[in-house]
There are 2 protein chains.
Amino acid sequence: MTAKRPKAPRGTSHPDTPADSGSSLDGRKIPAAVIKRLSLYARALQELERQQAEKVSSSELSRLLGFTSAQVRKDLAYFGQFGVPGFGYPVGDLRRNLRRILGTDRELQVALVGVGHLGTALLSYGGFTRQGFRIVCAFDKEVSAPRIGAAGIPVYHIDELEKRLAEHAIGFAILTVSSEAAQAVANRLIAAGISAILNFVPVRLQTPEHVKIHYVDLALEMESLSFYTR
Amino acid sequence: MTAKRPKAPRGTSHPDTPADSGSSLDGRKIPAAVIKRLSLYARALQELERQQAEKVSSSELSRLLGFTSAQVRKDLAYFGQFGVPGFGYPVGDLRRNLRRILGTDRELQVALVGVGHLGTALLSYGGFTRQGFRIVCAFDKEVSAPRIGAAGIPVYHIDELEKRLAEHAIGFAILTVSSEAAQAVANRLIAAGISAILNFVPVRLQTPEHVKIHYVDLALEMESLSFYTR
DNA sequence: GGAAGTCTGTGAAAACCTTCACGGGAGCGG
DNA sequence: CCGCTCCCGTGAAGGTTTTCACAGACTTCC
């Protein structure tokens with residue numbers, strides 16, 4: 001505990017952290033924004049499939065989602081040639097492809113850490129399940145003995161984290177702990193081999209390269225709304 | 001100047017909806033991304049103020065938040081000259097300025113519609129209050145008589161929406177209803193004069209120009225995480 | 001089977017955002 | 001008061017994302 005504090009490692013040059021966003025797949029560089037839209041396409045296609053639509057054009061999709069048709073075509077073209085000139089995109093086919101690309105064509109196991117108000121709500125939230133994510137267990141430091149929480153999901157004491165993660169082969173975590181605990185819990189998750197974290201805690205987490213983190217910052221969204229209504 | 005085929009409108013004009021993002025303030029155009037970071041600056045400054053720091057440099061701030069120092073300076077420079085060369089930014093002063101710019105220097109009244117799992121959790125969520133937002137009332141269609149919900153917030157039947165919004169001069173709404181109800185409820189909110197909506201429902205809402213909407217899409221975040229861990 | 005019409009995929013251009021790099025103003029120590 | 005150092009504000013450069021616009025491919029219908 002008497003280790004030196006991780007202050008600025010150097011003072012001479014410019015150690016500014018750049019803002020990387022984008023991922024390479026298959027040689028090409030894919031903008032992060034494209035991935036977000038991919039999910040939206042997938043969801044729109046889900047609805048179209050429900051309505052028994054066989055085909056959809058880029059401009060129909062763009063109208064549904066509020067983009068331009070060129071953007072739809074360009075986004076999809078990053079991953080292959082799914083469309084048919086003079087026809088459009090086959091709904092079922094494209095949807096299957098997008099799910100495969102996103103990795104949501106199989107059920108993904110998720111753990112949730114921090115069973116407070118927000119955590120509890122997310123356990124019951126149907127939106128994840130509907131898209132192929134299954135929260136298989138939850139953890140909290142205030143749990144003395146394993147119990148069954150909301151939506152029938154078992155809640156364990158945080159000390160069982162490593163054991164249970166390995167047991168269920170869990171690759172994703174949702175983080176809804178306190179600001180104070182966030183970094184320590186994240187470290188444990190990462191050490192346990194988790195590969196992605198959805199972080200609801202308004203704290204910047206320090207993480208290694210290979211672990212992907214997305215932030216959901218509710219207060220931030222409200223604040224920026226506030227700006228636009230001045 | 002040989003305009004062999006000047007325009008060739010081909011009959012099909014493209015009325016695609018462009019992806020506007022950015023807002024003009026005081027003549028200048030401000031990128032949407034800047035506003036998001038403004039909230040982060042404000043929060044970092046809040047913490048620095050708590051630690052009694054008097055000044056902070058752009059590079060300290062950048063290290064704290066993971067940006068480059070040039071970006072910090074440029075972002076802040078959109079709104080005025082807050083820094084002092086050779087010194088940095090005065091913490092308290094800058095924080096007050098940012099709060100004024102964001103409009104969070106006064107308490108903002110918020111209504112929440114849809115008291116399901118997620119809605120209930122948000123009523124108890126401390127993160128909004130801490131940043132100056134106060135959820136003053138909530139609405140649901142399953143409420144027969146007014147009752148006191150989580151965190152002491154009154155929950156009314158949705159039919160009282162218009163009356164209560166006017167009564168409390170509420171300008172913001174959080175939307176956590178079902179996908180089916182989302183558009184209809186949004187229409188009522190807009191008709192009642194709400195100016196911004198934070199929408200948790202994974203449905204694209206049709207809204208007039210002057211009402212600002214932000215989407216929080218939890219399943220989307222999970223899906224894009226999934227992509228990155230392929 | 002041919003002609004008309006539709007709609008994709010994609011270079012090129014435009015718009016947008018981030019980073020670089022530096023002039024010069026402000027503090028500070030002597 | 002002077003020189004030294006620190007660090008902001010900002011034009012310019014660089015990079016990324018979106019939009020435009022069109023050739024060509026496919027469907028459809030007669």
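Every chain is numbered from 1 and lettered A, B, ... according to where its sequence line falls, protein lines coming before strand lines. Small disclaimer: the values here were computed from a predicted structure and weren't measured.
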Length of the line joining [X]:[atom1] and [N]:[atom2], which is rounded to integer Å:
X	N	atom1	atom2	answer
A:Glu54	D:dT27	CD	C1'	14 Å
A:Gln71	D:dC20	CD	C1'	13 Å
A:Lys29	D:dG15	NZ	P	12 Å
B:Leu76	D:dC8	CG	P	9 Å
A:Tyr78	D:dT16	OH	P	11 Å
A:Lys36	D:dT18	NZ	P	13 Å
B:Glu60	D:dC6	CD	P	13 Å
B:Phe67	C:dC17	CZ	C1'	14 Å

Do any N or O atoms of the protein come closer than 3.5 Å to N or O atoms of nucleotides 24-30 of chain C, and which pairs are they?
unit_1, atom_1, unit_2, atom_2, d
C:dG25, N2, B:Gly86, N, 3.3
C:dA26, O4', B:Pro85, O, 2.9

Any side-chain N or O of A:Thr68 less than 4.0 Å from the OP1 or OP2 oxygen of D:dT19?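 Yes, A:Thr68 has a side-chain N/O under 4.0 Å of OP1/OP2 on D:dT19.
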OP1, OP2 of C:dG9 versus side-chain N and O of A:Tyr89: anything below 4.0 Å?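 Checking C:dG9 against A:Tyr89, a side-chain N or O does come within under 4.0 Å of OP1 or OP2.
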Quick one: list whatever passes side-chain contact (heavy atoms from CB on, under 4.5 Å) with B:Gln51, sequence neighbours left out.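 Testing B:Gln51 for side-chain contact (heavy atoms from CB on, under 4.5 Å), a comparison that skips the adjacent residues, returns B:Glu47, B:Leu48.
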Partner residues of A:Asn187 under the side-chain contact (heavy atoms from CB on, under 4.5 Å) criterion, sequence neighbours left out: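 With neighbours one apart ignored, the set is A:Gln183.
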Check whether B:Gln71 reaches the backbone of B:Thr68 with its side chain - one donor and one acceptor, N or O, closer than 3.5 Å.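 Not at all, since once roles are kept as given, no pair shorter than 3.5 Å links the two residues.
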Give a yes or no on whether the backbone of B:Val113 and the side-chain of B:Thr176 come within a donor-acceptor separation of less than 3.5 Å.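 Confirmed, B:Thr176 side chain pairs with B:Val113 backbone.
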Contacting residues from residues 37-50 of chain A, given that a heavy atom lies under 4.0 angstrom of DNA chain C: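 Here the set is empty: none.
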Test of understanding: with salt bridge (charged side-chain N to carboxylate O under 4.0 Å, His left out), list the residues that count as partners of [X], not counting sequence neighbours.
X	value
A:Arg100	none
A:Glu221	B:Lys36
A:Arg134	A:Glu107

Would you mind telling me which residue lines up with the more 5' stretch of DNA chain D, B:Ser58 or A:Asp75, judged by nearest nucleotide?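 Its nearest nucleotide being more 5', the pick is B:Ser58.
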Scan for salt bridge (Lys or Arg N to Asp or Glu O under 4.0 Å) pairs involving residues 72-83 of chain B, sequence neighbours excluded, and state none if there are none.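 Salt bridge (Lys or Arg N to Asp or Glu O under 4.0 Å) check on residues 72-83 of chain B returns B:Arg37-B:Asp75.
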Suppose the criterion is salt bridge (Lys or Arg N to Asp or Glu O under 4.0 Å): which pairs have a residue in residues 83-98 of chain A, not counting sequence neighbours?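 Residue pairs passing salt bridge (Lys or Arg N to Asp or Glu O under 4.0 Å), neighbours aside: A:Glu49-A:Arg95, A:Asp93-A:Arg96.
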Counterpart residues, ring-ring contact (aromatic ring centres under 6.0 Å, His included), relative to A:Phe128 (two or more places apart):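 A:Phe128 satisfies ring-ring contact (aromatic ring centres under 6.0 Å, His included) with A:Tyr125 once adjacent residues are dropped.
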For B:Tyr215, enumerate each residue passing the ring-ring contact (aromatic ring centres under 6.0 Å, His included) test, keeping only those at least two apart in sequence or located in another chain.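 Once residues adjacent in sequence are excluded, B:Tyr215 has no partner under the ring-ring contact (aromatic ring centres under 6.0 Å, His included) criterion.
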Tell me whether the count of non-hydrogen atoms from other residues, nucleotides or ligands lying under 6.0 Å of NE2 in B:His214 goes above 12.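 Yes.
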Any N/O pairs under 3.5 Å between the protein and nucleotides 10-12 of chain C? List them or say none.
unit_1, atom_1, unit_2, atom_2, d
C:dT10, OP1, A:Gln81, OE1, 3.4
C:dG11, O6, A:Lys74, NZ, 3.2
C:dA12, N6, A:Lys74, NZ, 3.2

May I ask you to say what A:Ser59 touches in the nucleic acid, namely base, sugar-phosphate or nothing, with a heavy-atom cut-off under 4.0 Å?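 Counting heavy atoms under 4.0 Å across all strands, no contact is made by A:Ser59.
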